[in-house]
Number of protein chains: 2
Amino acid sequence: MYCTNVQYMDLTKAVVTFRNFYRKQKRLPSYQEVCDLFNYSSKTAAVYLVNKLIETDILEKDEKGKLLPKKLFHIPHLGIIKAGYPMPAEGSLGDSIDFYEYLLGMPGEMFSLTVSGDSMIEEGIHDGDIVIVERDSSPRNGDIVAACIDGEWTVKYFKNDNGHVGLYPANPSYPVLFPTESLMIGGVVVSVIRKYR
Amino acid sequence: MYCTNVQYMDLTKAVVTFRNFYRKQKRLPSYQEVCDLFNYSSKTAAVYLVNKLIETDILEKDEKGKLLPKKLFHIPHLGIIKAGYPMPAEGSLGDSIDFYEYLLGMPGEMFSLTVSGDSMIEEGIHDGDIVIVERDSSPRNGDIVAACIDGEWTVKYFKNDNGHVGLYPANPSYPVLFPTESLMIGGVVVSVIRKYR
DNA sequence: TCTTGCACTGTACGTTCGTACAGTATAAAG
DNA sequence: CTTTATACTGTACGAACGTACAGTGCAAGA
């Protein structure tokens, strides 16, 4: 239904307003604050709008009645796209990903590192990429680790060959590293992030 | 100072508790809820703890006195790590990144796609990676775009050579694509995300 | 032993919050 | 022309909220 009413408030605009508020305040607005945001003079108008957003699954209420963002920040995931030969438009949308949970929803302690160099380029870890590393993970064979070998830090594949531990590059023009003195595993690389803009 | 007091509450444990609450509720707890979380019987104890967290820059208060997470979810960024030959431990920490802002702090409409195939492998975009695409961006030469060429979707480099537009793969074993009928730019790839665990 | 600081308890108070309900202007539908 | 739905206004109320302040038990240091 298209509405020509001047009072008509587009839900998508409301979503943007809520998003911006949440981005700044890291919380959802109270009903009074919704009134301020949308120039309402009655809290009931705010209740009305919020209920619309709940109906569309953008917001939700917990068991205590507190408001929380359900899909406010979800990015629609449109499906699979070919990076080889083109494919018919897949997806049919519907699905969406909470990237905050996707990347950071892990229990352990994490840190990040900017990667310099190209020894892991065959693995798709390029110069300038950021790796998120989970501390304390005891690596399994094949894991990518951030490790300190003989006092120097590097990113490599971890391989434990019956107690004989080595750090393997993904780029064959670099040597395999075996510790002569010490090897400390800083953590396991759990994700790689690259930003273009 | 190390404290053997039974009542002693480690701030790092408090941070984890706050994080878990925020992860579930997408907001910070009220003072009453802090009491419930830490088994306090007085709200003043909650105020006391929150002030500690404010002093350590983990939380902050806005101009209205509302609580918000300052560095609660920041991942410490330890600096640059060599993926070639090892390098001395860089970093000296101190820095930290808010990955939520880092990845999603863009004004435009975004969607994501799972990449299939290896035509962009030289660019470090591998099979199974997720690309975040910003809609409506008019691509510049060299941008990676998600585009619909002659009715089929693909991820490629965009190049406009004096009106002669082509989609270029990063993998030379794939052909350059020129539209015979239609070309629709879905958007520009703004980031690539890969998850290992 | 006395003092000081820390980590709380217990109580009180004014403000803000979410909820509820009655009412209104407008537009679309029958 | 009447009915219905939409998008609000205005008012009221109890519960929850943040803040303040006086007081307590404990441990460390002088």
Side-chain angles (χ1 to χ4, degrees), chain A residues 1-22 24-70 72, chain B residues 1-22 24-70 72:
Chain A
M1 181 210 78
Y2 180 68
C3 183
T4 52
N5 191 341
V6 188
Q7 300 170 306
Y8 175 64
M9 169 55 69
D10 191 352
L11 267 195
T12 60
K13 285 185 186 173
V15 169
V16 171
T17 307
F18 270 79
R19 248 182 223 170
N20 288 341
F21 187 96
Y22 198 95
K24 277 190 192 121
Q25 308 295 130
K26 306 289 187 192
R27 60 176 176 88
L28 287 172
S30 69
Y31 286 107
Q32 184 55 59
E33 287 168 326
V34 172
C35 290
D36 299 344
L37 289 170
F38 294 93
N39 280 105
Y40 293 147
S41 57
S42 170
K43 267 203 278 187
T44 313
V47 173
Y48 189 88
L49 174 63
V50 165
N51 284 338
K52 288 260 155 222
L53 293 168
I54 291 171
E55 280 165 29
T56 49
D57 264 356
I58 291 159
L59 302 179
E60 67 179 325
K61 284 194 177 185
D62 65 10
E63 65 285 344
K64 277 188 201 158
K66 293 264 181 185
L67 221 52
L68 51 99
K70 192 172 184 182
L72 185 62
Chain B
M1 179 207 80
Y2 181 67
C3 182
T4 52
N5 190 340
V6 188
Q7 300 169 306
Y8 175 66
M9 169 53 70
D10 190 352
L11 267 195
T12 61
K13 283 184 187 173
V15 169
V16 171
T17 307
F18 270 78
R19 245 182 227 171
N20 288 341
F21 187 96
Y22 198 96
K24 275 189 194 124
Q25 308 295 129
K26 306 290 186 191
R27 62 176 174 88
L28 288 173
S30 69
Y31 287 107
Q32 184 55 59
E33 286 167 327
V34 173
C35 290
D36 300 343
L37 288 170
F38 294 93
N39 280 103
Y40 293 146
S41 57
S42 170
K43 267 203 277 186
T44 312
V47 173
Y48 189 87
L49 174 63
V50 166
N51 284 339
K52 288 258 155 227
L53 293 169
I54 290 171
E55 280 165 28
T56 49
D57 264 356
I58 291 159
L59 303 180
E60 67 179 326
K61 283 194 177 185
D62 65 9
E63 64 286 342
K64 278 186 201 159
K66 293 264 179 181
L67 222 51
L68 52 100
K70 193 173 183 181
L72 185 62

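Naming convention: chains lettered A, B, ... in sequence-line order (proteins, then strands); numbering from 1 in each chain. Atoms considered below: every heavy atom in the structure, side chains included; atoms not considered: hydrogens, waters and symmetry mates.
Remark: C1' of C:dG10 and OH of B:Y48 are 17 Å apart, rounded to the nearest angstrom. In this structure, A:L53 atom CG and D:dA7 atom C1' are separated by 14 Å, rounded to whole Å. At whole-Å resolution of the value, CZ in A:R27 and C1' in D:dC17 are 12 Å apart. Between B:L49 atom CG and C:dT9 atom C1' there is a gap of 15 Å when expressed in whole angstrom units.
A:K52 comes within 4.0 angstrom of the backbone, heavy atoms only, and of no base.
At least one side-chain heavy atom of B:Q25 sits less than 4.5 Å from a side-chain heavy atom of A:L68. Side-chain contact between B:E55 and B:L11 is absent, with no heavy-atom pair separated by less than 4.5 Å. Contact check for B:K61 versus B:L67: side-chain heavy atoms found under the 4.5 Å cut-off. A heavy-atom distance below 4.5 Å is found between the side chains of A:V34 and A:F18.
Applying the 3.5 Å distance criterion, the base of D:dA20 shares a donor-acceptor pair with the side chain of B:T44. If you check distances only, the side chain of B:S41 never reaches the base of C:dC8 with a donor-acceptor pair under 3.5 Å.
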Could you pull out the protein-nucleic contacts involving nucleotides 15-18 of chain C (nitrogen or oxygen on both sides, under 3.5 Å)?
unit_1	atom_1	unit_2	atom_2	d
C:dC17	OP1	A:S30	OG	3.2
C:dG18	OP2	A:Y31	N	2.9
C:dG18	N7	A:K43	NZ	2.7
C:dG18	O6	A:K43	NZ	3.0

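Every residue was checked against the ring pair (Phe, Tyr, Trp, His ring centres under 6.0 Å) condition with B:F21, not counting sequence neighbours, and none meets it. B:Y31 meets the ring pair (Phe, Tyr, Trp, His ring centres under 6.0 Å) test with no other residue; sequence neighbours excluded.
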